[in-house]
Amino acid sequence: MKQQIVIYVFARVMLAFAKLLVLAPQPGPQGFQAGYEGIGLKGGMGGWIERVCGGDRDMADMWRARVRKGAWPVFASLSWGCVMWMFTWYPELLQPSMRSSMRYLYVESERWDGWRNWLLYNE
């Protein structure tokens with residue numbers, strides 16, 4: 001159970017970090033600051049997008065919107081791609097329940113001997 005919580009937290013932190021990277025810089029002093037809400041990076045880290053886009057704010061805003069919209073699909077795709085690669089080459093390293101699910105999805109579900117297990121239940 002602890003492992004699932006850590007993986008859940010890791011996923012959420014990575015998505016938040018992707019959003020932080022494209023957060024528009026706010027006017028005022030940049031850098032770390034401490035406050036009653038803790039220590040954080042004021043203004044985000046998104047100033048690099050303006051530099052890459054040559055100062056074009058419209059293009060930078062377009063890239064920010066793309067990252068916000070695409071962060072989850074990219075993360076999910078990479079996660080499943082890694083699981084599929086691990087299952088193909090190193091299945092013994094996967095957690096037993098993940099290995100069992102992958103075996104059912106990608107090995108056992110390819111075999112059926114009649115309409116019953118093709119449509120209803122695959123043993």
Side-chain angles (χ1 to χ4, degrees):
M1 184 64 171
K2 292 178 190 177
Q3 188 179 31
Q4 290 175 337
I5 293 170
V6 171
I7 292 169
Y8 174 83
V9 169
F10 176 77
R12 297 311 184 261
V13 168
M14 289 296 105
L15 288 172
F17 189 67
K19 291 176 183 178
L20 176 65
L21 285 174
V22 297
L23 189 66
Q26 297 175 358
Q30 299 295 310
F32 286 99
Q33 71 178 35
Y36 66 90
E37 294 179 341
I39 297 175
L41 186 63
K42 182 176 180 186
M45 300 168 64
W48 67 274
I49 291 181
E50 276 82 6
R51 289 191 296 278
V52 168
C53 293
D56 185 351
R57 285 191 75 69
D58 291 333
M59 185 179 286
D61 289 340
M62 186 246 340
W63 279 106
R64 281 190 188 92
R66 283 186 169 183
V67 169
R68 286 187 190 107
K69 182 179 179 184
W72 176 253
V74 168
F75 180 78
S77 299
L78 289 173
S79 297
W80 274 107
C82 290
V83 167
M84 293 171 80
W85 180 82
M86 288 291 287
F87 179 71
T88 300
W89 298 105
Y90 303 99
E92 69 279 359
L93 298 180
L94 291 174
Q95 183 200 29
S97 65
M98 174 64 84
R99 186 173 51 242
S100 176
S101 296
M102 295 298 287
R103 188 180 315 110
Y104 176 77
L105 288 171
Y106 295 103
V107 177
E108 295 170 3
S109 65
E110 292 183 4
R111 293 179 306 223
W112 52 278
D113 59 7
W115 291 104
R116 182 180 169 275
N117 70 354
W118 183 64
L119 290 174
L120 301 175
Y121 181 73
N122 188 352
E123 296 180 24

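All of these numbers come straight from a predicted model, not from anything done at the bench.
- Following chains of ILVMFWY side-chain contacts shorter than 4.5 Å, one can reach L105 starting from V83, so the two form part of one hydrophobic cluster.
- Closest of all the heavy-atom pairs between M102 and F87 is CB-CD1, 3.5 Å.
- Take Y90 and apply the ring-ring contact (aromatic ring centres under 6.0 Å, His included) test, not counting sequence neighbours, and it matches W85.
- In the hydrophobic cluster analysis, where Ile, Leu, Val, Met, Phe, Trp and Tyr join through side-chain heavy atoms closer than 4.5 angstrom, M86 is grouped together with Y106.
- Not one N or O on the side chain of S100 forms a donor-acceptor pair closer than 3.5 Å with the backbone of P96.
- Taking CE from M84 and CH2 from W80, the interatomic distance works out to 8.5 Å, rounded to the nearest 0.5 Å.
- Hydrophobic clustering, with ILVMFWY side chains joined whenever heavy atoms are under 4.5 angstrom apart, groups V107 together with L93.
- Judged as a side chain to side chain contact (heavy atoms under 4.5 Å, CB included), and not counting sequence neighbours, the contacts of M59 are C53, D56, M62, W63.
- Annotation for R99 and L94: closest pair NH1-O, 2.9 Å, computed over non-hydrogen atoms.
- Looking at F10 and V13, their side chains never come closer than 4.5 Å, going by heavy atoms from C-beta outward.
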